[in-house]
Amino acid sequence: MASGYGDVYSQWKADPEAFWADAAREIDWIKPPSQIFDTSAGVYGHWFPDATCNTCYNALDRHVERGRADQTALIYDSPVTGTQRKFTYLELRDEVATLAAVLHEYGVGKGDRVILYMPMVAEAVIAMLACARIGAVHSVVFGGFAAKELATRIDDAKPKVILTASCGIEPGRIVKYKPLLDGAIELATWKPQTVILLQRPQEQAEMIAGRDYDWVELTDAAKAAGDMADCVEVAATDPLYILYTSGTTGVPKGVVRDNGGHMVALQWSMKNLYGVEPGEVFWAASDVGWVVGHSYIVYGPLLYGATAICFEGKPIGTPDAGTYWRIIAEHNVAAMFTAPTAFRAIRKEDPDALLLKKYKLSKFRTLFLAGERADPATLEWAEKTLGVPIIDHWWQTETGWPIIANPVGLGLLPVKHGSPTVPLPGWDVRVVDEASKPVADGAMGSIVIKLPLPPGALPTLWQDDERMRESYLSEYPGFYKTADAGYRDSDGYFYIMGRTDDIINVAGHRLSTGGMEEVLASHPDVAECAVIGAKDELKGEAPLGFIVLKAGINREPAVIEREVVALVRDKIGPVASFKTAVTVDRLPKTRSGKILRGTMKKIADQDPWTMPATIDDPAIFGEIEGALKRKGM
Ligand code: COA
Ligand code: AMP
């Protein structure tokens with residue numbers, strides 16, 4: 001079947017407002033939009049400026065009212081605890097309405113922020129939707145971040161309430177959340193009034209009287225009293241959530257998502273991109289702490305009336321490399337979404353996919369990959385192993401939904417390994433040089449997107465329009481800067497090759513090397529430092545730190561290296577995967593003092609490199625090579 005993509009993309013390009021007005025008919029508005037886009041509002045305009053709605057109503061209540069009350073909405077599958085739970089749309093709606101009533105009782109109303117610091121349990125999904133129900137703005141913080149990172153987010157979002165659990169479960173260890181949370185509140189200037197904590201059987205957290213409350217006790221009491229909160233009317237342009245993501249400094253960016261545009265875009269993508277039907281099972285194996293979790297564990301599938309899965313486990317080791325196959329088979333998954341690193345991990349553990357033989361993936365049609373560049377070897381292995389189309393697609397926390405993809409629902413385009421395929425409607429993607437001039441097909445350049453961004457993309461950064469302009473809009477006037485580099489081929493397929501800033505991608509997790517450098521530099525013995533993302537077979541990239549010690553320090557370098565590794569884990573968190581620091585005498589710099597991180601990366605990756613013309617002292621690269629060799633790298 002020929003793909004309808006070309007026609008649909010042209011329709012959008014000819015009249016974007018008519019296109020999104022049409023897509024918006026899939027949403028149940030309280031006050032439908034009479035205006036589709038307001039160019040004069042916000043940083044670059046606002047979608048659906050006069051509409052009102054409620055995201056939770058669209059994700060739950062409308063399905064309950066229209067025949068899906070008994071359909072499974074959410075499956076919680078947790079190989080790390082050996083438990084499973086299923087919620088129908090009706091049950092999930094009631095759980096959400098109950099928690100929303102509790103939040104209300106603790107003073108949370110429209111526009112108030114609530115931070116979630118939660119593992120992958122069903123209550124995390126319930127909490128997000130409960131906030132949406134009463135118009136509160138949630139901000140989920142990934143469990144792998146340490147106290148200091150959490151404190152930064154508390155100070156920026158200023159939450160009234162924090163929702164948390166006693167622990168997360170990583171293979172072989174329990175991660176106690178409460179000491180991290182208490183530490184973060186201690187560090188933060190802003191003090192939340194209330195903490196509501198889910199005690200898990202694996203860990204009993206200590207509670208602080210007058211501030212901390214037991215989740216189950218509160219919700220049980222609300223259930224006994226029949227307390228349930230109704231959906232609150234919010235403006236389509238009101239924030240649904242803030243999600244912090246790595247910027248080029250240690251201070252994360254608070255990406256804002258609105259209610260109306262977000263619903264319209266996700267609903268459109270479920271059908272036209274992912275090609276699933278309401279009632280089918282859609283599984284995104286990520287974490288609610290990331291944008292993939294927000295868009296495609298929670299909101300996308302539920303807005304669409306599909307069944308979502310909250311998976312608490314890993315692709316390997318919980319208990320083995322067959323877990324993904326078990327989930328797909330057992331829950332009749334139609335489409336799955338994960339990061340290529342997960343498939344690299346499975347392939348390494350079970351190269352011949354012997355564990356797959358135990359399962360029948362009869363309903364499984366498509367695997368979607370994103371979060372990092374999908375290397376062709378992993379794609380080919382997945383294709384051969386699963387016998388279904390493997391679809392790479394590219395997007396960012398900021399964009400909220402995919403920019404470039406192979407739109408399965410509109411009809412699959414020929415797959416080219418290494419390319420996430422073509423821009424979706426909404427996205428006018430260009431490859432340009434430093435002067436904003438388009439480059440020729442096949443030539444590398446910076447990838448930018450013509451404004452306005454479509455519904456679902458960030459309208460701004462939390463209470464910081466100026467940083468929004470500065471970070472994304474000022475360098476290429478009239479365009480949004482993605483900070484990714486790549487090229488387009490003569491068929492119009494795009495290739496995303498890497499970042500143009502200091503962000504690295506570690507196991508699909510986005511991290512700032514600048515943030516890590518700030519931590520290394522805070523060690524009393526460190527004079528200078530540089531962190532690069534070195535090639536890593538499993539995680540794609542792994543951070544590698546170089547430190548120069550202050551004059552006169554005669555402590556053992558190996559000891560200081562271990563200390564800085566521990567410091568990054570303590571300040572940023574285990575998710576940084578910062579395991580290696582190398583002491584060197586000097587860092588290679590240009591004559592104007594800029595550290596030549598790009599060449600250091602090539603040396604660490606053992607890629608061919610040439611001596612930069614601007615180098616201050618060429619001998620330093622030899623010293624770097626020597627230091628890496630001594631480390632066995
Ligand atoms: N809470 C606390 N700690 C966490 C955590 C969480 N929610 N998530 C990860 N960590 C810890 C890990 O335990 C690990 O700690 P360690 O250094 O003590 O081993 C560290 O953070 C790094 O985690 P990760 O990068 O996930 O590496 P891993 O070795 O545990 O697992 C993979 C490697 C490939 C199996 C894993 O990254 C994975 O499952 N990826 C799937 C793709 C994915 O979820 N991508 C997200 C974006 S789509
Ligand atoms: P995040 O905001 O965490 O989703 O990370 C977004 C970044 O991950 C992008 O800017 C890219 O650098 C990278 N990325 C995501 N998906 C892909 C992909 N399919 N191919 C290449 N890089 C990707």
Side-chain angles (χ1 to χ4, degrees), residues 80 117-120 124 141-146 165 167-177 180 243-247 253 255 284-297 311-318 321 323-324 337-346 348-349 368-375 379 391-400 402-405 418-421 447 458 481-486 494-501 503-511 533 536-542 565 568-569 572-579:
V80 293
Y117 187 55
M118 305 269 308
M120 280 295 287
V141 179
F142 179 61
F145 282 120
C167 66
I169 300 159
E170 286 295 292
R173 87 191 147 98
I174 301 283
V175 181
K176 296 181 185 178
Y177 279 20
L180 294 168
L243 180 57
Y244 289 90
T245 190
S246 298
K253 292 170 172 163
V255 168
S286 178
D287 188 287
V288 288
W290 308 116
V291 71
V292 176
H294 283 65
S295 295
Y296 295 111
I297 293 175
F311 168 66
E312 189 183 28
K314 302 261 173 177
I316 53 170
T318 63
T323 299
Y324 275 19
F337 180 156
T338 191
T341 187
F343 269 75
R344 287 198 294 274
I346 295 171
K348 191 161 168 237
E349 197 96 344
F368 293 89
L369 298 176
E372 54 168 330
R373 191 175 145 71
D375 53 293
L379 281 173
I391 307 298
D392 178 16
H393 60 326
W394 169 68
W395 53 300
Q396 311 179 310
T397 304
E398 289 85 344
T399 68
I403 309 164
I404 290 186
S419 168
T421 317
I447 305 182
L458 83 169
K481 168 184 157 186
T482 67
D484 275 308
F494 283 78
Y495 296 76
I496 313 298
M497 305 309 288
R499 297 281 302 195
T500 57
D501 55 12
I503 302 281
I504 59 170
N505 206 308
V506 182
H509 308 315
R510 171 169 160 179
L511 298 161
D536 184 272
E537 241 183 58
L538 174 65
K539 299 192 178 189
E541 281 183 309
V565 165
V568 174
R569 194 176 173 93
I572 298 179
V575 65
S577 284
F578 184 84
K579 311 263 178 190

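Everything quoted here is computed from the prediction, not taken from an experiment. Note that ligands are numbered from 1 as they come in the structure, with each ligand's atoms numbered from 1 the same way. FYI, side chains are in, hydrogens and waters are out, and symmetry mates aren't considered; it's all heavy atoms of this structure.
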Which bit of [X] is near ligand 2, meaning a heavy atom under 4.0 Å away: side chain, backbone, both or neither?
{"X": "N505", "answer": "side chain"}
{"X": "R499", "answer": "side chain"}
{"X": "T397", "answer": "both"}

Worksheet entry | Check ion pair R499-E541 (N to O, under 4.0 angstrom) |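 E541 and R499: not salt-bridged.
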
Practice prompt. Looking only at non-hydrogen atoms, find the nearest pair between Y296 and P402 and report the distance.
Written response: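 Closest approach of Y296 to P402, heavy atoms only: OH-CD, 3.5 Å.
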
Worksheet item: Is the shortest distance from a heavy atom of W290 to ligand 2 less than 4.0 Å?
Response: no

Discussion item. Checking the N or O distance criterion of under 3.5 Å, is ligand 2 in contact with T245?
Written reply: no

Worksheet entry | Test item: protein heavy atom less than 4.0 Å from atom 34 (C) of ligand 1 | yes

Worksheet item: At a 4.0 Å cut-off, with the gap strictly under it, does some heavy atom of V506 reach an atom of ligand 1?
Response: no

Worksheet item: Would you say T318's side chain and V80's backbone share a donor-acceptor pair under 3.5 angstrom?
Response: no

Worksheet item: Should the proximity of P574 to ligand 1, defined as any heavy atom under 4.0 Å, be assigned to the side chain, the backbone, both, or neither?
Response: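 It is both backbone and side chain that touch ligand 1.
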
Fill in: Selected option - heavy-atom contact closest to atom 31 (O) of ligand 1, from M120, K314, H509
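Of the listed residues, K314 has the closest heavy atom.
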
Looking only at distances, please establish whether an N/O atom of ligand 1 is found under 3.5 Å from an N/O atom of [X].
{"X": "R173", "value": "yes"}
{"X": "R569", "value": "yes"}
{"X": "K579", "value": "yes"}

